[in-house]
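Only a predicted model underlies this, so the values are computations on that prediction, with no experimental measurement involved. Atoms considered below: every heavy atom in the structure, side chains included; atoms not considered: hydrogens, waters and symmetry mates.
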Amino acid sequence: MRKMLLAAAAVAMVTVFGCAGTAPEETTPEETAQAEFLAPYGLEDSSAEEIVSALDRTNEDREAGLAGSVRYDTVVFATPGGETELPLPDDLFYLSLAPYVENTHDCYYHNLASCQGELVGEDLEVTIIAADGEVHVDGTVTTYDNGFVGFWLPRDIEGTISVTWDGLSATAPIATGPDDPTCVTTLQLG
């Protein structure tokens, strides 16, 4: 009798609610390979945007042997065993900034594992304004363990970035086009 009641309840729920579930999304062989590549790092279920934002904030990827190079529209992940590439969101550009006072390094494409900035754990006042006057960033940010701070900006804009720290400041032009750097290490505070 109990089994019959459970079966009747299940039929009633399907009748009342209909088929609310969706078919599982099909994954491409490329997506499967990307997930398998990232699985040892616990990143297989994360988007490229989530991975970039998370890895840029810590040095854990250095210790794990996972390097990520951020480009205009992709991030290339590499380990001693190989590499994979994930697309970034169609409308976003990741700009990683490490202003400095005395020490910097040359950088074009931000490397999530090897780039190290001078100012670690420091509060910066940052303003990013597009050429059309739209303000994309205006506030206090704290640099990560690697001395950088990252910003998701619209792709294909030009503008100005201004940074102030401990009474020192700098302003420089920026752009987020296909040939522009994702790593800004040339902003000397003075």
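- Between Trp152 and Ser53, the closest heavy-atom pair is NE1-OG, 2.9 Å.
- Side-chain contact check for Leu124 versus Thr164: every heavy-atom pair is 4.5 Å or farther apart.
- With sequence neighbours left out, the side-chain hydrogen bond (donor to acceptor under 3.5 Å, both in side chains) criterion links Glu122 to Trp165.
- The side-chain heavy atoms of Leu88 and Glu49, taken from C-beta on, include no pair separated by under 4.5 Å.
- In plain terms, the two heavy atoms of Val126 and Phe151 that are nearest each other are CG1-CZ, 3.7 Å.
- In this structure, the side chain of Thr104 does not engage the main chain of Tyr100 through any donor-acceptor pair within 3.5 Å.
- Here the closest non-hydrogen pair linking His136 and Pro154 is CE1-CG, 3.3 Å.
- For Val163 against Leu189, the heavy-atom pair with the smallest separation is O-CD2, 3.7 Å.
- The one candidate from Val70, Ile174, Val137, Val149 that meets the side chain to side chain contact (heavy atoms under 4.5 Å, CB included) condition with Leu95 is Ile174.
- At least one donor-acceptor pair under 3.5 Å links the side chain of Glu118 to the backbone N or O of Asn103.
- Side-chain atoms of Asp145 and Thr58 include no donor-acceptor pair closer than 3.5 Å.
- Separating the CG atom in Asp123 from the OG1 atom in Thr143 is a distance of 8.0 Å, to the nearest 0.5 Å.
- In this structure, the side chains of Thr185 and Phe148 come closer than 4.5 Å at one or more pairs of heavy atoms.
- Side-chain atoms of Thr171 and Ile161, non-hydrogen and from C-beta on, never get closer than 4.5 Å to each other.
- Within the 4.5 Å cutoff, no side-chain heavy atoms of Pro173 are placed close to those of Thr160.
- The backbone N or O of Val76 lies less than 3.5 Å from no partner atom in the side chain of Glu85, so there is not a single donor-acceptor pair.
- Taking all atoms of both residues into account, the shortest heavy-atom contact from Ala130 to Ile157 is CB-CD1, 4.3 Å.
- One finds the CG atom of Asp73 at 11.0 Å from the OG1 atom of Thr182 (value rounded to the nearest 0.5 Å).
- A cation-pi contact, defined as under 6.0 Å to the ring centre and within 45° of the axis, links Arg71 to Tyr109.
- Counting heavy atoms from C-beta outward, Leu187 and Leu97 have side chains that approach closer than 4.5 Å.
- In this structure, cysteines Cys107 and Cys183 have SG atoms closer than 2.5 angstrom.
- When every heavy atom of His110 is checked against every heavy atom of Ser96, the shortest pair comes out as NE2-OG, 3.2 Å.
- Taken from OH in Tyr72 to CG in Asp156, the straight-line distance is 3.5 Å, to the nearest 0.5 Å.
- With sequence neighbours excluded, no residue forms a side-chain hydrogen bond (donor to acceptor under 3.5 Å, both in side chains) with Thr79.
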If you apply the rule side-chain contact (heavy atoms from CB on, under 4.5 Å), what do you find for Thr176 with Tyr94, and how did you get there? CA-CA 8 Å; Thr176 63; Tyr94 191 71; over 6 Å; no

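- No more than 12 heavy atoms of other residues, nucleotides or ligands sit less than 6.0 Å from atom CG of Asp106.
- Evaluation of the side-chain hydrogen bond (donor to acceptor under 3.5 Å, both in side chains) rule for Gln34 yields Glu30 as partners, not counting sequence neighbours.
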